[in-house]
Amino acid sequence: MAEEFKAELTIQSSMEQLESIRNFVSKAAQTFGFEEREGFKIVLAVDEACSNIIRHGYGKNSDEKLHIVIQTADNRFIVTVNDNGKSYDIRTHPLPDMEAYLAAKKSGGLGIKLIRSLVDEIEYEQSNGENKLVLTKRLPAR
Amino acid sequence: MATFNTSLRESGNTSIIDISGDLDAHTSVELERAIQDLIDKGRTNIIINFSNLNYISSAGLGVFMSFIDEVRSKGGDIKFSNMPEKIFQVFDLLGFPLLYEIYDDEHKAIEKFQTTAS
């Protein structure tokens, strides 16, 4: 039975903080009951989302903040990332065709593709200069 | 702060970069530097040994994509070896095995370079 809890982390908008973000999500995912392989997926999805916010939303300005909230409900592990940077709805981002992408040997732009492949649901809201990205991953059926 | 390290070994015409720790948007510049240094020295037969890599994100994958054309145009290649399963799943998800040779064992990758040497 998955344990229900809520945890929060507020952190500077710096790439140096990505490891702390991963540790925070990883510990929560493990407590919730994800096996290593599934836990790795939600950790990677949150890392990619936060990297994008730091790089594009905040333009690498490390004076800003990200606020991350993890909540669980039944079999759902819900990660909410709040920021005040430039808004961008990753759900509308056109995904690369990987065959063409690899053939053209492009680089970059794979983060959103990964996020959309790794989680079960993505929600996004923008209001009064605040962005809220919600990534949900369900425990696999046993 | 994320720990990521590279160390270099040579085997004949082949250079092996052992990578360890977490390869993310913060640390990927170190891998870029290591590969660029090899290319600058004319060493383009490159194996990346993943055995001690704990984590990879798209920033790490981007490093391999950014060098592959240049390395192959110079007659070399970037091959991967000893990839932990959780790392392989990221490569596999994006179809990277179509573009890169991935070996269970580093020695097989070395042999491949030796047999294709001109």
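Sequence lines set the chain letters: A, B, ... in the order given, protein chains first and strands last, and positions in each chain run from 1.
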[X], [atom1] atom: more than 12 neighbouring heavy atoms under 6.0 Å:
X      : atom1 : value
B:D40  : CG    : yes
B:E70  : CD    : yes
A:Q30  : CD    : no
B:H107 : NE2   : no

Nearest 0.5 Å, please: how far is [atom2] in [Y] from [atom1] in [X]?
X     : Y      : atom1 : atom2 : result
B:Y55 : A:E19  : OH    : CD    : 10.5 Å
A:E36 : B:E85  : CD    : CD    : 8.5 Å
B:S58 : A:I115 : OG    : CD1   : 8.0 Å
B:K86 : A:L44  : NZ    : CG    : 11.5 Å

Hey, any chance [X] and [Y] share a hydrophobic cluster, counting ILVMFWY side chains that come within less than 4.5 Å of each other, even indirectly?
X     : Y      : answer
A:V69 : A:V81  : no
B:F80 : B:F88  : yes
B:V29 : B:I35  : no
A:I78 : A:L133 : no
A:I90 : A:V134 : no

Heavy-atom contact with chain B under 4.5 Å, split by part of A:I54: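 Contact with chain B is absent: no heavy atom of A:I54 under 4.5 Å.
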Please classify the contact of A:Q17 with chain B as side chain, backbone, both or neither, using a heavy-atom distance under 4.5 Å.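 Neither part.
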Do you know which two heavy atoms are closest between A:F40 and B:I87, and how far apart they sit?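 A:F40 and B:I87 have their closest heavy atoms at CZ-CD1, 4.5 Å.
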Closest non-hydrogen atom pair between A:L102 and B:G95, with its separation: CD1-O, 3.1 Å
Let's go through B:L93 and A:L118 carefully: what are the C-alpha distance in whole Å and the side-chain angles of both, what is the deciding distance for side chain to side chain contact (heavy atoms under 4.5 Å, CB included) to 0.1 Å, and is it a yes or a no? CA-CA 9 Å; B:L93 197 59; A:L118 293 166; 3.6 Å; yes
How about B:D24 and A:R22: do any of their side-chain heavy atoms sit closer than 4.5 Å?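 Side chain of B:D24 against side chain of A:R22, heavy atoms only: contact under 4.5 Å found.
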I'd like to know which of A:V43, A:L114, A:N23 tops the heavy-atom pair count under 4.5 Å against chain B. A:L114
Report which part of B:F64 has an atom under 4.5 Å of a heavy atom belonging to chain A: side chain, backbone, both, or neither. neither
Under the side chain to side chain contact (heavy atoms under 4.5 Å, CB included) rule, what do A:Y101 and B:L99 come out as? Steps first, then yes or no, please. CA-CA 10 Å; A:Y101 182 96; B:L99 188 62; over 6 Å; no
Walk me through whether A:K113 and B:L94 qualify under side chain to side chain contact (heavy atoms under 4.5 Å, CB included). CA-CA 8 Å; A:K113 167 96 179 166; B:L94 295 174; 3.5 Å; yes
Sidechain-backbone polar pair: A:E16 side chain, B:H26 backbone, donor-acceptor under 3.5 Å: no
Looking only at B:V90, B:L61, B:V63, the option with the highest number of non-hydrogen pairs under 4.5 Å against chain A is B:V90
